Peer 1: 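Below is a structure I'd like to ask you about.
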Amino acid sequence: MKKLTFLVLTSIAFFACKTEQKQTTTASKTYTEAAYKQDSTQIKKLFSIALTEGKSYEWLRDLTQNIGSRLSGSEGAAKSVIWGEKLMKEVGLDSVWLQPVMVPHWVRGEKEVANYEFNGEKINVPICALGGSIATPTNGITAKVIEVKNIEEAKKLGDKANGKIVFFNGAFDNTLINTFRAYGGCVAQRFAGAATVGKFGAKGVIVRSMTNGIDDYPHTGSMGYGDIPKEEYIPAAAISSRAAENLSKHLKENPNIEFYFKQSCENLADAPSHNVVGEIKGSEYPDKIMVIGGHLDSWDLGDGAHDDGTGIVQSLEVAYLLKKNNIQPKNTIRIVFFMNEENGLRGATEYARLAKENNELHIGALESDAGGHTPRGFSIDANERNIQLVQSWKNLLAPYGLHDITAGGSGADIGPLKDDYVTLVGYRPDSQRYFDYHHAATDTFDKVNKRELELGSASMASIVYLMDKYLYNKETLKP
């Protein structure tokens with residue numbers, strides 16, 4: 001990333017003691033004790049309203065209970081677009097519109113089946129097809145199993161994989177406190193496993209579910225075939241973490257186990273869908289835009305509650321909280337419910353394309369796509385000046401548990417907006433329980449805690465309030 005000339009921004013937090021008052025400047029604005037108190041008071045009000053008059057939990061109940069799963073191209077996804085448009089209008093945004101986008105349309109088909117025999121006993125295996133996979137033959141496939149721990153091991157298989165089902169059994173590194181880091185360390189086997197071993201003549205791929213827990217729920221997720229020829233496409237599925245543990249143990253005792261699985265999934269023609277967009281027009285800089293959003297689509301096994309129903313309702317609640325607190329933003333605040341994050345990122349790509357085509361200037365963006373658990377902080381993807389600026393708000397945010405404010409990634413849906421000037425921020429709640437539910441049938445409304453969800457909405461509203469107030473200045477924008 002091209003670096004702007006480094007400008008030291010002293011802390012926006014107030015450090016004055018009784019005997020000495022310090023004043024600091026940021027973006028040519030003098031930050032005084034009075035300004036600090038005003039911001040501190042406003043943030044407290046945002047939290048108070050969220051925890052006493054918040055709407056996010058009931059919105060989420062409606063989305064998950066009355067619509068449910070929302071895989072791109074599905075009836076649920078279409079219903080959620082109508083739901084989102086209606087809800088934005090009810091909140092009273094200045095304008096609301098639908099942004100057309102063509103999305104992948106993959107369907108799971110009949111419930112998958114898998115089993116193998118061990119010591120004369122038939123072992124049934126919890127299994128689900130990976131999103132984007134092809135089906136097995138009608139009667140399923142049966143083959144001996146070869147186990148690997150990661151993509152690097154799989155690349156070395158060569159002819160050993162011929163005629164086999166390759167079993168990717170890379171587990172989360174549970175010594176990592178941040179479970180997203182553990183996920184990042186092994187998710188490649190899910191996405192690229194089939195493309196890696198299809199060229200070796202493998203018959204299929206089964207992948208250990210992407211979770212740090214041991215349970216009987218298979219976790220789906222996207223996979224791809226890359227640029228390999230279609231004749232090398234092989235079916236790919238996830239098995240539960242407990243089933244993976246057992247299969248690995250049984251293979252050590254009997255390497256000649258034959259595994260059977262059957263799935264009838266299918267990739268259909270792309271389907272029409274929409275991003276749902278609404279905004280509050282800026283009072284001073286209406287042409288400067290800050291996006292707050294998450295993804296409206298979800299996988300099909302659960303209700304898409306944590307992934308990403310929570311992010312959707314929190315994003316809209318930011319606008320609701322600003323309005324309830326009579327905060328008129330200087331810049332335009334745009335709420336976006338992105339479509340097709342899970343298996344294509346088409347909504348985000350189209351949004352960014354249209355923004356560029358229409359010469360829109362985005363100065364900031366905030367995404368919630370890490371679940372609805374207890375707030376921990378934010379990660380910042382920006383130039384060095386604006387990283388320093390956001391980090392300077394720690395003292396204002398720390399009383400609400402928002403201690404982790406660090407440079408890092410932001411979010412998949414706002415990522416396409418990245419340039420040297422825009423400040424991208426990812427909302428970061430506690431990650432310890434997230435992968436219990438991620439892409440599984442357990443991702444349901446009852447797993448979301450009302451208070452944690454509302455604390456997240458207020459956390460997001462607070463940083464949006466600060467970004468709107470202090471982020472805009474000539475030095476952070478393109479000439």
Side-chain angles (χ1 to χ4, degrees), residues 7-16 22-50 93-94 279-293 314-315 317-335 361-368 375 377-378 380-383 385-400 402 405 410 414 421-427 457-477:
L7 174 64
V8 176
L9 290 172
T10 52
S11 175
I12 206 169
F14 177 64
F15 291 108
K22 295 180 181 179
Q23 292 186 340
T24 63
T25 60
T26 168
S28 301
K29 294 180 182 296
T30 302
Y31 200 79
T32 63
E33 180 179 2
Y36 177 84
K37 287 183 176 179
Q38 180 186 47
D39 291 342
S40 180
T41 299
Q42 188 61 74
I43 289 170
K44 185 176 181 180
K45 288 180 180 179
L46 289 169
F47 274 87
S48 296
I49 294 293
L93 302 188
D94 294 336
E279 64 183 25
I280 301 173
K281 210 70 175 174
S283 60
E284 295 184 38
Y285 312 111
D287 58 330
K288 310 299 187 293
I289 300 165
M290 292 205 304
V291 165
I292 301 97
Q314 286 173 328
S315 297
E317 192 155 63
V318 169
Y320 167 79
L321 292 173
L322 294 178
K323 291 177 73 67
K324 285 290 289 185
N325 283 273
N326 297 313
I327 298 172
Q328 179 60 50
K330 298 192 306 178
N331 306 284
T332 291
I333 303 296
R334 184 176 289 177
I335 312 300
L361 181 55
H362 287 72
I363 64 169
L366 171 65
E367 181 167 348
S368 174
F378 304 93
I380 317 152
D381 186 1
N383 61 49
R385 179 190 292 123
N386 283 338
I387 290 174
Q388 293 280 331
L389 175 62
V390 177
Q391 288 180 326
S392 75
W393 302 329
K394 282 185 178 181
N395 275 29
L396 283 164
L397 299 172
Y400 305 95
L402 299 164
I405 302 177
S410 56
I414 61 176
Y421 302 89
V422 67
T423 297
L424 306 180
V425 178
Y427 167 59
S457 297
S459 299
M460 292 170 61
S462 297
I463 203 165
V464 167
Y465 162 77
L466 293 169
M467 289 171 70
D468 177 66
K469 190 171 182 180
Y470 298 109
L471 189 62
Y472 174 75
N473 58 78
K474 292 180 180 178
E475 290 80 5
T476 62
L477 300 180

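This is a predicted model, so every value here is computed, not measured.
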Peer 1: Can you check whether Pro329's main-chain N or O pairs, donor with acceptor, with Asp468's side chain at less than 3.5 Å?
Peer 2: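 No.
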Peer 1: Which heavy atom of Ala461 sits nearest a heavy atom of Leu321, and at what distance?
Peer 2: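 Closest approach of Ala461 to Leu321: CB-CD1, 3.9 Å.
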Peer 1: Using the rule given for side-chain contact (heavy atoms from CB on, under 4.5 Å), can you reason through Asp39 versus Tyr470, listing the C-alpha separation, both sets of side-chain angles and the distance that settles it, and then say yes or no?
Peer 2: CA-CA 11 Å; Asp39 291 342; Tyr470 298 109; 2.6 Å; yes
Peer 1: Would Gln314 and Ser368 count as having a side-chain donor-acceptor pair, cut-off 3.5 Å?
Peer 2: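 Indeed, the side chains of Gln314 and Ser368 share at least one donor-acceptor pair under 3.5 Å.
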Peer 1: Between Lys330 and Glu284, does at least one N-O distance fall below 4.0 Å, as a salt bridge requires?
Peer 2: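 Salt bridge between Lys330 and Glu284, a charged N being under 4.0 Å from a carboxylate O: no.
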Peer 1: Would you find a donor on one side and an acceptor on the other, under 3.5 Å apart, between the side chain of Ser392 and the backbone of Leu389?
Peer 2: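 Yes.
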Peer 1: As an exercise, state the distance from OG1 of Thr32 to NZ of Lys37, rounded to the nearest 0.5 Å.
Peer 2: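 If I round to the nearest 0.5 Å, the distance is 10.0 Å.
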Peer 1: Any idea which heavy atoms bring Met467 and Ala365 closest together, and the distance?
Peer 2: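 The answer is CE-N, 4.2 Å.
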Peer 1: Does any part of the side chain of Gln42, heavy atoms only, come nearer than 4.5 Å to the side chain of Lys469, both counted from C-beta?
Peer 2: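 No, side chains not in contact.
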Peer 1: Roughly how far apart are Ile333 CD1 and Met290 CE, rounded to 0.5 Å?
Peer 2: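 Atom-to-atom, Ile333:CD1 and Met290:CE are 3.5 Å apart.
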Peer 1: With side chains defined as the heavy atoms from C-beta onward, is the minimum distance between Met460 and Glu317 less than 4.5 Å?
Peer 2: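 When only atoms from C-beta onward are counted, Glu317 and Met460 do not touch, as no gap falls below 4.5 Å.
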Peer 1: With no hydrogens and no angle check, do the side chains of Asn386 and Tyr421 hold a donor and an acceptor under 3.5 Å apart?
Peer 2: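 No, no side-chain donor-acceptor contact under 3.5 Å.
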Peer 1: Which heavy atom of Leu397 sits nearest a heavy atom of Ser462, and at what distance?
Peer 2: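 Nearest pair, atom of Leu397 first, then Ser462: CD2-CB, 4.0 Å.
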Peer 1: Answer yes or no: is there a side-chain heavy-atom contact under 4.5 Å between Phe378 and Leu366?
Peer 2: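 Yes - at least one pair of side-chain heavy atoms lies under 4.5 Å apart.
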Peer 1: Is any side-chain heavy atom of Tyr400 closer than 4.5 Å to one of Pro375?
Peer 2: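 Sidechains of Tyr400 and Pro375: no contact.
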Peer 1: With distance as the sole test, does Glu367 use its side chain to make a donor-acceptor pair with the main-chain N or O of Ile414 at under 3.5 Å?
Peer 2: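 Yes; at least one donor-acceptor contact below 3.5 Å.
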Peer 1: Can you see which heavy atom on Gly364 is nearest to which on Leu471, and at what distance?
Peer 2: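 Between these two residues, the closest heavy atoms are CA-CD2, 4.3 Å.
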Peer 1: Looking at OH of Tyr285 and CD1 of Ile363, how far apart are the two atoms once the value is rounded to the nearest 0.5 Å?
Peer 2: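 Between atom OH of Tyr285 and atom CD1 of Ile363 there are 9.5 Å.
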Peer 1: Taking the side chain from Thr332 and the backbone from Gly282, do they hold a donor-acceptor pair closer than 3.5 Å?
Peer 2: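 The answer is yes, because a donor-acceptor pair under 3.5 Å joins these two groups.
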Peer 1: Using side-chain contact (heavy atoms from CB on, under 4.5 Å), reason through Asn331 and Ile289 one step at a time and then give a plain yes or no.
Peer 2: CA-CA 6 Å; Asn331 306 284; Ile289 300 165; over 6 Å; no
Peer 1: Between atom NZ of Lys324 and atom CD1 of Ile49, what is the distance when rounded to the nearest 0.5 Å?
Peer 2: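 Here the interatomic distance stands at 6.0 Å.
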Peer 1: Check whether any side-chain N or O of Gln391 sits under 3.5 Å from a backbone N or O of Ile405 as a donor-acceptor pair, and report yes or no.
Peer 2: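 Checked: pair present.
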Peer 1: If you take all heavy atoms of Val318 and Ser457, which pair is closest and at what distance?
Peer 2: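 For Val318 and Ser457, the tightest heavy-atom pair comes out as CG2-O, 4.1 Å.
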Peer 1: How long is the gap from CD1 on Ile280 to CZ on Arg334, to the nearest 0.5 Å?
Peer 2: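 Between atom CD1 of Ile280 and atom CZ of Arg334 there are 12.5 Å.
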Peer 1: State whether the side chain of Asn325 and the backbone N or O of Ile327 hold a donor-acceptor pair below 3.5 Å, judged by distance alone.
Peer 2: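 Such a contact is absent between Asn325 side chain and Ile327 backbone.
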Peer 1: Counting C-beta onward and ignoring hydrogens, is there a side-chain heavy-atom pair between Leu93 and Glu279 closer than 4.5 Å?
Peer 2: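 No, their side chains stay 4.5 Å or more apart.
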Peer 1: If I take atom CG from residue Asn383 and atom OG1 from residue Thr423, how far apart are they, to the nearest 0.5 angstrom?
Peer 2: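 Between Asn383 CG and Thr423 OG1, I get 6.0 Å after rounding to 0.5 Å.
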Peer 1: Would you say Lys44 has more than 12 foreign heavy atoms packed within less than 6.0 Å of its NZ?
Peer 2: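 Counting other residues, nucleotides and ligands, NZ of Lys44 stays at 12 neighbours or fewer.
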